[in-house]
Asks: 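Dropping a structure here in structure tokens format, bear with me for questions.
Remember, predicted model here, so these are calculated numbers, not experimental data. Each chain gets a letter, A, B and so on, in the order the sequences are listed, and its residues count up from 1.
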Number of protein chains: 2
Amino acid sequence: MDAKGNRAGGRGGRSGGVPGEVWLREPRARRDALTLDRIVATAVDLLDADGVAGLTMRRLADRLAVAPPTLYWHVKTKDDVLDLAVDAIFAEVPVPSGPWRDAVRELVLAWRATMLRHPWSPPLLGRPALGPNVLERTEFLQGALASAGFTGAHLAAATHGLANFVIGSALTQSTWHSPEALGTARAHLRARADDYPTLVANDHLADQDWDALFERGLDHFLTGLAQGIGSGPVSSPP
Amino acid sequence: MDAKGNRAGGRGGRSGGVPGEVWLREPRARRDALTLDRIVATAVDLLDADGVAGLTMRRLADRLAVAPPTLYWHVKTKDDVLDLAVDAIFAEVPVPSGPWRDAVRELVLAWRATMLRHPWSPPLLGRPALGPNVLERTEFLQGALASAGFTGAHLAAATHGLANFVIGSALTQSTWHSPEALGTARAHLRARADDYPTLVANDHLADQDWDALFERGLDHFLTGLAQGIGSGPVSSPP
DNA sequence: ACCTGAACACCGTTCAAGT
DNA sequence: ACCTGAACACCGTTCAAGT
């Protein structure tokens, strides 16, 4: 994969024979315009391939066949690129419909799946995420919970709680994505069975079914939530 | 705060008058030995002051009055320093005692408080955390849950679920720590009330009591958990 | 065993200059 | 309006060399 000189492939060389050929070419600006969308899409590719460490303004520019400073006309800083990349992948999360508990489950599961497809993303949620895709899904989540009867502080606790639960889950799971990391971690634990009897007895970092584990935890949470609807000091005043 | 030349303050200059003074000084190696502990403690200081971006091997070396390459005798890579720093702050989390639900609540709340005191830490949990302090607290958490009657997949779901919930919560809360970030975010939302009616109506990113919000969510989760003890396919076989 | 100077191969970003 | 070359002020890390 050559990163340079793929500028549309016709600028001089063997294509120069036809007279008047200029008019047959679209104007360059249309052909390979450097748009924000292209920048973000390429950034996501780079992140998927090599993680956060792999995204470099210089590498990004190279992949786009452009000089590094050019990026700064379209973007203010590298952090901008990261923020845009995060919002971009949220477009992959379908917004569901149906009864609240199913819809919430569906949204949350798809949300998690998307983050796991892009393992670089969970830590990046430690930055303000206010892109349209993120907000649209948050709006839906809170809307579903509100329609379920949550109000006030209960609603806020449910919304943030669910979001935090997915994010935290994706963060730790993406940590243990590689089997070898899990393997050495387990060995480390087993070698210290005296210090960590419970963890070892229950094979804490086993190569388990993380999906099922998450769904189980989610269901516990939803159950606790459903039980809390309408109770408490906020939504049921005297 | 001068970062250089604080090597014990007596090497030349006004202290050279006393004859035989060499013998009164402790050997240099004892006085300001560069230990792993000092490196990690200084790293935590740097992280607390300026965040992850503020921790640089060169700045760290400077603060320790040492040449940058020296650090690489004590540490293999910068990531080592980060991993050690994360484990170091977990020492601040007291390991509680008492009935399981209270103990779990206590641990989880202290855990969260510590992360919020060191806002750089939540994103770093996206790396394998196997230090003794982290493991000791995880062992305690799982032990408390096991003593409460959780077994098998329920136990794993409870342990990971709680950990993920705290981590996720600390991650997002540390994002919105600064009032100005919250302020502009709210303004951004309010300006788009048509797109995000629920979020705006419920003042999603209000400057709320995050502690109370977290405890509410935690209680929902614990309620859901307590209800799940002993049920399900794993812990109650036919 | 512990520490250093010099150097390598990178970074993000600015800025005057080009078209 | 959009792109570039050259440069600035940094990085993490290696390595031969010092004590």
Side-chain angles (χ1 to χ4, degrees), chain A residues 3-8 10-12 22 25-40 42-43 46-47 49-86 120 124 127, chain B residues 3-8 11-12 22 25-40 42-43 46-47 49-85 120 124 127:
Chain A
K4 257 175 189 162
N6 55 355
R7 250 248 140 82
R11 197 106 127 289
V22 221
R25 281 198 304 252
E26 309 97 300
R28 172 153 97 67
R30 283 232 175 289
R31 246 298 205 171
D32 52 8
L34 182 61
T35 62
L36 197 55
D37 282 354
R38 273 187 72 217
I39 293 177
V40 174
T42 308
L46 234 33
L47 288 163
D50 302 311
V52 193
L55 179 63
T56 275
M57 292 305 265
R58 292 170 126 104
R59 295 232 278 148
L60 184 52
D62 202 58
R63 262 256 236 268
L64 292 160
V66 134
T70 305
L71 297 174
Y72 289 85
W73 195 92
H74 299 268
V75 124
K76 207 173 175 218
T77 146
K78 183 186 176 179
D79 280 350
D80 280 12
V81 179
L82 291 172
D83 289 339
L84 291 168
V86 168
W120 45 270
L124 290 185
R127 320 183 11 86
Chain B
K4 258 178 185 160
N6 55 355
R7 249 247 140 81
R11 199 110 125 286
V22 219
R25 283 199 301 255
E26 309 98 299
R28 172 152 96 68
R30 283 235 174 287
R31 213 16 163 128
D32 52 8
L34 181 62
T35 62
L36 196 55
D37 282 355
R38 273 188 73 218
I39 293 178
V40 174
T42 308
L46 234 32
L47 287 164
D50 301 312
V52 193
L55 180 63
T56 275
M57 292 306 265
R58 294 170 125 104
R59 294 232 279 149
L60 184 53
D62 201 58
R63 261 257 237 268
L64 291 159
V66 134
T70 306
L71 297 174
Y72 289 86
W73 194 91
H74 300 268
V75 125
K76 207 173 176 220
T77 147
K78 183 185 176 180
D79 279 350
D80 280 13
V81 178
L82 290 174
D83 289 339
L84 291 168
W120 45 270
L124 289 185
R127 322 183 6 89

Asks: With heavy atoms under 4.0 Å as the rule, sort B:T56 into base, sugar-phosphate or nothing.
Replies: sugar-phosphate
Asks: How long is the gap from OG1 on B:T56 to CG on B:D62, to the nearest 0.5 Å?
Replies: 11.0 Å
Asks: Test A:V81 against every option in A:L60, A:V40, A:T42 by the side-chain contact (heavy atoms from CB on, under 4.5 Å) rule and name the one that passes.
Replies: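 Filter result, single survivor: A:L60.
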Asks: State which residues pass side chain to side chain donor-acceptor pair (under 3.5 Å) with B:R58; sequence neighbours excluded, sorted by chain then number.
Replies: none
Asks: Return the value, rounded to whole Å, for the distance between atom CG of A:L55 and atom P of C:dC10.
Replies: 16 Å
Asks: Provide, to the nearest angstrom, the distance between the CG atom belonging to A:L60 and the P atom belonging to C:dC10.
Replies: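 After rounding, the reported distance stands at 17 Å.
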Asks: Please enumerate all residues that pass side chain to side chain contact (heavy atoms under 4.5 Å, CB included) together with A:D80, with sequence neighbours excluded.
Replies: A:V75, A:K76, A:T77
Asks: Look at B:H74 and C:dC3 and indicate whether a side-chain polar atom (N or O) is within less than 4.0 Å of OP1 or OP2.
Replies: yes
Asks: Counting Watson-Crick and G-U wobble pairs whose two distances are both under 3.5 Å, find the runs of 3 or more in a row that involve DNA chain D.
Replies: C:4-8 with D:12-16, C:12-16 with D:4-8
Asks: Residues two or more places apart in sequence or in another chain: which of them pass side chain to side chain donor-acceptor pair (under 3.5 Å) with A:R38?
Replies: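 Side chain to side chain donor-acceptor pair (under 3.5 Å) check on A:R38 returns nothing, list empty.
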Asks: Write down the distance between CG (A:L46) and C1' (C:dC11), rounded to a whole number of angstrom.
Replies: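 About 14 Å, once rounded to whole Å.
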Asks: Just so I know, are the side chains of A:L82 and A:L55 near enough to count as touching, which here means a heavy-atom distance under 4.5 Å?
Replies: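 When only atoms from C-beta onward are counted, A:L55 and A:L82 do touch, with a gap below 4.5 Å.
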Asks: Restricting to pairs with a member in residues 64-73 of chain A, which pass salt bridge (charged side-chain N to carboxylate O under 4.0 Å, His left out), not counting sequence neighbours?
Replies: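 Qualifying pairs, neighbours excluded: none.
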Asks: For B:R59 and D:dG12, give me the distance from atom CZ to atom P, rounded to whole Å.
Replies: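 Rounded to the whole Å, the gap is 10 Å.
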Asks: Using salt bridge (charged side-chain N to carboxylate O under 4.0 Å, His left out) as the criterion, list what pairs up with B:R127, not counting sequence neighbours.
Replies: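 Checked B:R127 against salt bridge (charged side-chain N to carboxylate O under 4.0 Å, His left out); matches are B:D79, B:D83.
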Asks: Expressed in whole Å, how much space separates the C1' atoms belonging to C:dC11 and D:dA7?
Replies: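 That atom pair is separated by 14 Å.
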Asks: Could you give the CZ-to-P distance, from A:R58 to D:dC11, as a whole number of Å?
Replies: 15 Å
Asks: Looking only at side-chain atoms of A:V66, point me to the closest of C:dG12, D:dT4, D:dT13.
Replies: D:dT4
Asks: B:L34 has an atom CG; how far is it from atom P of C:dC3, in whole Å?
Replies: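 For the pair B:L34 CG and C:dC3 P, the rounded distance is 5 Å.
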Asks: Whole Å only: how far is the CE atom of A:M57 from the P atom of D:dT4?
Replies: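 The answer, rounded to whole Å, is 14 Å.
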Asks: Report all interatomic pairs (protein N or O, nucleotide N or O of nucleotides 14-19 of chain C) with separations under 3.5 Å.
Replies:
none

Asks: With rounding to the closest Å, how many angstrom separate the C1' atoms on D:dA9 and C:dA9?
Replies: 16 Å
Asks: Considering residues at least two apart in sequence or located in another chain, which fulfil the salt bridge (charged side-chain N to carboxylate O under 4.0 Å, His left out) criterion with B:D37?
Replies: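 In terms of salt bridge (charged side-chain N to carboxylate O under 4.0 Å, His left out), with neighbours along the sequence ignored, B:D37 is linked to no residue.
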Asks: Roughly how many Å is it from CG in A:L71 to P in D:dT4, rounded to a whole number?
Replies: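 It works out to 9 Å between those atoms.
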